[in-house]
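Quick notes on the structure that follows.
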Amino acid sequence: MDTRVSVFLTLLLLCFVPTPSSSSSRSLSKTVRCNKNDYKALMKIKAELQPYNMGSWIPNTDCCDWYAVECDSTTNRIVTLSIFQANISGQIPEAVGDLPYLNYIMFHHITNLTGTIPSTLTNLKHLTMLRLSNTNLSGPIPSFLSQIPSLEFLELSYNQFSGSIPSSLSSLPNLTVLHLDRNSLIGTIPESFGKFKQPSFSLYLSHNQLSGEIPKSLGDVDFNTIDLSRNMLQGDASMLFKANGSTEGIDLSRNHMLEFDLSKVEFAKNLQHLDISHNKIYGSIPEAITGLDLQYLNVSYNRLCGKIPQGGKVQNFDSYSFYHNKCLCGSPLTACK
């Protein structure tokens, strides 16, 4: 082949071979999905937290591939921030509020996470689930949480929150589950908590220092689960029992001062968990209890009297569920005279 023709063909082929720089540029543009503003916010969060499990948060890489975050498959915006059991000493960064498309936040089981809840969370108009649990967050539960109307699930349990419960939380239109249990909350249950809008609402307020009477307005809520145990509540709680309700669980145990006639209450057909132990509840156990699909029952340490109803799931429970009452009798306790 003529030398000039050979050189010409070689040059022609080289024209179609991409240079390394152009090849890597095209590759980068195809693979990087992370929004630049989300990237900046995440780098701020990393600078404040620096936990051991953020090793994948490498500068100038695609944040959609990083550990503990998730990008929406369509918009490529960060929608999930989930950090748990991390070696963190610090506070929740305010920069979390700079991720406007977040719908799920979790800081869980981080004992050295301290401080308060940052008000920048009110910037998150798509947030449906907020889980800040098993940490050392403290201070009052902020009323500004009611400014996040998209919230459906709010969990602030196992922390050091103190003060009273903000009544404004009941104005959250989409809230279906509220966990404020295992803190150091004081005062009464807000009257407004009878105005939660979603059906089959679940409320967990146990292991606090709440006092006073249970608001009668709570009888207007069709609770799926209500746990008011281990507080200092007193008086009537019969409004929580409704025959036409969908309640599956009621726990009023260890308030020591709740007092009402159990024989006059009506059970929801769905009731599976009932614990009213360690109170001053009197009367007899309604016969209708034998028609329930009970998984747990404890009426011990009260002032109940009469024969324990026989049949159904009631006989699945031993004497521990019934003892230390005024005059209960029948299986599994001693026979009635």
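Here the straight-line distance linking atom CG of N325 with atom CG of L262 works out to 9.5 Å at 0.5 Å rounding. Atom-to-atom distance recorded for Q147:CD and S119:OG is 9.0 Å, nearest 0.5 angstrom. Remark: C329 SG to K337 NZ distance equals 9.5 Å, nearest 0.5 Å. With rounding to the nearest 0.5 Å, the separation of NZ in K307 from SG in C327 is 14.5 Å. The CD atom of E70 lies 15.0 Å from the CZ atom of R77; values are rounded to the nearest 0.5 Å. Between the OG atom in S162 and the CD atom in Q209 there is a gap of 9.5 Å [rounded to 0.5 Å].
If you look at F84 and H109, their ring centroids are not closer than 6.0 Å.
Considering all non-hydrogen atoms of both residues, G330 and Q310 come closest at C-NE2, 4.4 Å. What you find for L228 and L252 is that their closest heavy atoms are CD1-CD2, 4.1 Å. Contact detail for I83 and A68: the closest heavy-atom pair is CG1-CB, 4.2 Å. In this structure, L292 and L271 approach most closely via the heavy-atom pair CB-O, 3.8 Å. In this structure, S192 and S167 approach most closely via the heavy-atom pair OG-O, 2.9 Å. Contact detail for N174 and P149: the closest heavy-atom pair is ND2-O, 2.9 Å.
Around the OH atom of Y296, the shell of radius 6.0 Å holds more than 12 heavy atoms that belong to other residues, nucleotides or ligands. Surrounding OH of Y101 are at most 12 heavy atoms belonging to other residues, nucleotides or ligands under 6.0 Å away. For K44, the NZ atom counts as loosely surrounded, since its 6.0 Å shell holds 12 or fewer non-hydrogen atoms of other residues, nucleotides or ligands. Counting heavy-atom neighbours within 6.0 Å of K197 NZ, excluding the residue itself, gives a total above 12. Within a 6.0 Å radius of CD in E266, other residues, nucleotides and ligands contribute 12 heavy atoms or fewer.
Between the side chain of S168 and the backbone N or O of S146 there is no donor-acceptor pair closer than 3.5 Å. Panel note: side chain T290, backbone G311; no donor-acceptor pair is recorded below 3.5 Å. In this structure a side-chain-to-backbone donor-acceptor pair under 3.5 Å is present from N159 to L156. Looking only at distances, no side-chain donor or acceptor of D222 sits under 3.5 Å from a matching main-chain atom of F201. N183 contributes a side-chain N or O that, together with a main-chain N or O of D181, makes up a donor-acceptor pair within less than 3.5 Å. One N or O on the side chain of D72 and one on the backbone of T74 form a donor-acceptor pair closer than 3.5 Å. At distances below 3.5 Å, at least one donor-acceptor pair connects side-chain atoms of N255 with backbone N or O atoms of L233. The main-chain N or O of A268 is never found under 3.5 Å from a side-chain atom of K242 such that the two would form a donor-acceptor pair. Within the 3.5 Å criterion, the main-chain N or O of V314 finds no donor-acceptor partner in the side chain of N316. Side-chain N or O atoms of N302 include one that pairs as donor or acceptor with a backbone N or O of I276 at under 3.5 Å.
Under the 4.5 Å side-chain contact rule for hydrophobic residues, Y282 and F322 do not share a cluster. Under a hydrophobic-cluster definition in which Ile, Leu, Val, Met, Phe, Trp and Tyr are linked whenever side-chain heavy atoms come within less than 4.5 Å, directly or via other members, M239 and I226 are assigned to the same cluster. Both F317 and I308 are members of a single hydrophobic cluster when ILVMFWY side chains are connected at heavy-atom separations under 4.5 Å. Grouping the Ile, Leu, Val, Met, Phe, Trp and Tyr side chains by contacts below 4.5 angstrom, directly or via other members, places M43 apart from I58. Under the 4.5 Å side-chain heavy-atom criterion for ILVMFWY residues, a single connected hydrophobic cluster contains both V69 and L121.
Between D62 and R33 there is a side-chain heavy-atom pair separated by less than 4.5 Å. The shortest distance between side-chain heavy atoms of S229 and D275 does not fall below 4.5 Å. L137 is listed as a side-chain neighbour of I92, based on a closest heavy-atom distance under 4.5 Å. I105 has its side chain within reach of L127: a pair of non-hydrogen atoms, C-beta onward, lies under 4.5 Å apart. Between Y104 and V79 there is no side-chain heavy-atom pair separated by less than 4.5 Å. Two residues are said to be in side-chain contact when any heavy atoms from C-beta on lie closer than 4.5 Å; L210 and I186 fail this criterion. By the 4.5 Å heavy-atom criterion applied to side chains, P286 and F267 are counted as neighbours. In this structure the side chain of D227 never reaches within 4.5 angstrom of the side chain of I250, judged on heavy atoms.
Looking at D293 and K313, a side-chain N of the basic residue comes within less than 4.0 Å of a carboxylate O on the acidic one, giving a salt bridge. Looking at D98 and K40, no side-chain N of the basic residue comes within less than 4.0 Å of a carboxylate O on the acidic one, giving no salt bridge.
In this pair, H179 and F153 present their aromatic rings tilted. The plane angle is within the 30 to 60° band. Under the 30°/60° scheme for interplanar angles, the aromatic rings of W66 and Y39 are found to be tilted. Below 30°, between 30° and 60°, or above 60°: for F260 and F241 the angle between ring planes is between 30° and 60°, a tilted geometry.
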Applying side-chain contact (heavy atoms from CB on, under 4.5 Å) to S284 and C305, what does each step give before you reach the verdict?
CA-CA 5 Å; S284 59; C305 240; 5.9 Å; no
Should L185 and L180 be marked as a side-chain contact (heavy atoms from CB on, under 4.5 Å) after you check the CA-CA gap, both sets of side-chain angles, and the distance that decides it?
CA-CA 8 Å; L185 301 174; L180 302 180; 4.0 Å; yes
Chi angles and distances behind the disulfide (SG to SG under 2.5 Å) call for C34, C64
CA-CA 5 Å; C34 181; C64 289; 5.2 Å; no
I would like to know whether L328 and I285 meet side-chain contact (heavy atoms from CB on, under 4.5 Å); could you show each step before the answer?
CA-CA 9 Å; L328 274 184; I285 301 174; 4.1 Å; yes
Pair I281, L304 - check side-chain contact (heavy atoms from CB on, under 4.5 Å), show working.
CA-CA 7 Å; I281 298 167; L304 298 172; 4.2 Å; yes
Can you check disulfide (SG to SG under 2.5 Å) on C71 and C63, steps first, answer last?
CA-CA 8 Å; C71 283; C63 70; 4.9 Å; no
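For the 3.5 Å distance criterion, the side chains of N298 and S321 fail to qualify, holding no donor opposite an acceptor. Neither side chain, E259 nor Q234, offers a donor N or O lying under 3.5 Å from an acceptor on the other.
Here side chain to side chain donor-acceptor pair (under 3.5 Å) pairs that include residues 124-133, with residues two or more places apart or in two chains, are H108-S133, R131-E155.
Of the candidates L218, T247, V221, L218 is the only one forming a side-chain contact (heavy atoms from CB on, under 4.5 Å) with L240. Test L203, L151, L172, I165 against L178 for side-chain contact (heavy atoms from CB on, under 4.5 Å) and you get one pass: L203.
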